Structures are given as C-alpha cells and as structure tokens.
Amino acid sequence: MLDYHLHLWTHDDPTTWLSLEQIADYCEEAQRHGVDEIAITEHIHRFSQATDLVGRFWETTEGDPRLQAQIASYIDWHTGQDLDAYVELCLAAKASGLPVKIGMEVDYYRGQMDEVAELLAPYPFDVLLGSIHWIGGWQFDDLANQEQMAQWDVRDVDACWDAYTEALEELAATGACDVLAHPDLIKVNGRIPTNPTEWWDRIAEAAQASGMAAEVSSAGWRKPVGEQYPALPLLDRFVAAGVPMTTASDAHATERVSDRSEDLEALLDAAGITTLASFEGRQRTDVPVRPS
Ligand SMILES: [Zn+2]
Ligand SMILES: [Zn+2]
C-alpha cells in the first residue's frame, strides 16, 4: 500500500518549521498501517515562489468581491514558505533511507499551468498531484469558512459539479500533474446531484485521456460527505478505463497518516485492483497492492 498524499503543515499553523523527525514519524505511522511507501505532497500555495508567480488570480477568475477577499486572506495566511528548503528536506529524508517520495499538491490555476510547470520543472519531484480546491475564487471545500460554505445554499448543485468537472478536465489536459487528487472532492459537503453519472463519466474520461493516475483517499470519510474519494461508481469507471490508482490519507499530522488504509485495501480488493501506481522522477511503475 501507498500513502501518496501527505502534508507537513496543519491548516491552523503556518509557521512550524519542518524536520526530518516528522517525516520519519510519518513513515513509522504508515508502516503500522501496512503502508510501505509515502509521498510528501505539500500544497503549492504554501510557497512564496508559487504564489508570487500566479499572483492574485482570483481578481480575474472571481466576480464576487466578498469571495475575492476570503481567498485573498486564505492564500496570504498560508503562503510564505520556501520551496527550495522544502525540496531539500524531502531530499534529505530520501537520502537517509526513508521510503519517501518528493511530491507536491498542485492547484489548478486557469491559464497559468505552463508557468507553474516551468517553475516546478527544475526540482527533482517524484510525483505531482493535481487538485481542484476552488471554482473561480470560491473555496468550496473550506468547511471552516462560513462565508464560503454559505455559497452551497445559493448555488445550484448540478452547476457546481459541472464547473468543478470542467476545471478538472482543463487541469488534466495541461499534463502538468501525475495524479488526480480526491477526484470527486466537489461532494465534500454532501451536496450530490440526483444523478451524477454525467460527471463521473467525464472525470474518468479526463483521467484516461491525460494518462494521469487517480487517488483513492480515506479523507472523505472524515468530511461531511462521509465517503471515500472516489465514490464507488467513479472508482469502477476508473478501473474500466484502465486508469492507474494510488492510495492516500491526505493527513496533515502524524496521527492521521495512512488513516483507514485497511479500509482502502478492502475497497481495492472489491474493485479488483491488484496494483498501484508508484512514481520516481515522475515516471510511473505499477507495484502490487501487497508486496510479497
Ligand atoms: Zn486537496
Ligand atoms: Zn491535500
């Protein structure tokens, strides 16, 4: 098993400096859950190099000034770390023999993915996750933010799923990332269309057409939706389309690392998935779910 989605910072403390011990602890906790390889995948918007590059993107992608203000304060609060120091720490963890891959969770910036890819290209990343966390400037999954969550009451659910899927299709087509993170994150708050078939089909097609892998994540079990990402009908579509899969917890602290990996393993078994996608230098290798 893999845990290919791990953060080093929590969302309530942007200042803690990172240590090799923390990564060693993550590996130890992962091993307790039968996970033998992890990837550190911090959010790209933690790093000044990235936030300086993409600028105040919400000023062109979001029409609502209140939402612009919310995302501005979110990004300003979270950013400020140094990309070089982060990569060096991950490299040091790898060099020390820990079973760690160097990764990043990359957000979709409409029209700016070539520049983002250029920024990341010189670094020795093993795997890049692609994520949709906002539609325009609306952070639909920032559950702690009342103003963002209030949008769920005034927006049409089908339209939200459609906008999310369109962004995901655009992200996949850029080829900038290797794995679709939490592929149906738009369900996070439990708002699900009566018939999501169209969007499941399109998400699976986007993954297949791009050659990206997709993530099976336990994080959804900890959210209002109370379901892993992806929903089982979407997982079946990925399998039918031959999309490679990774497994992930999306933990932000040691106690959550590889959370419910045992349950993810049961899901893989039920879906007939016997291999997972491991990455090194952004090249994929299929590895057995359970190494012999
Ligand atoms: Zn995410
Ligand atoms: Zn994440």
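For clarity, every value in this text was computed on a predicted model and none was experimentally measured. Both ligands and their constituent atoms are indexed starting at 1 by order of listing.
By the 30° and 60° cut-offs, the orientation of the rings of Y4 relative to F279 is tilted.
In the model, D3 has a side-chain atom that pairs as donor or acceptor with a side-chain atom of S258 under 3.5 Å.
Metal site remark for the Zn ion (ligand 2): H7 contributes an N, O or S atom at a distance under 2.8 Å. Taking 2.8 Å as the threshold, H5 counts as a candidate ligand of the Zn ion (ligand 2), since one of its N, O or S atoms lies below it. Using a cut-off of 2.8 Å, one finds that D141 contributes no N/O/S atom close to the Zn ion (ligand 1). Metal site remark for the Zn ion (ligand 1): H182 contributes an N, O or S atom at a distance under 2.8 Å.
A cation-pi arrangement is present between R155 and W138, with the terminal nitrogen or guanidinium carbon under 6.0 Å from the aromatic centre and inside a 45° cone about the axis.
Taking the centre of each ring, H43 and H78 stay at or above the 6.0 Å mark. Ring-centre distance between Y74 and W134: not below the 6.0 Å cut-off.
Nearest N/O/S atom of H133 relative to the Zn ion (ligand 1): this is NE2. The Zn ion (ligand 2) is closest to atom OE1 of E105 (considering only N, O or S atoms). Per residue D250, closest N, O or S atom to the Zn ion (ligand 2): atom name OD1.
The side-chain hydrogen bond (donor to acceptor under 3.5 Å, both in side chains) pairs that include a residue from residues 232-248 are D201-R237, where partners are two or more places apart or lie in different chains.
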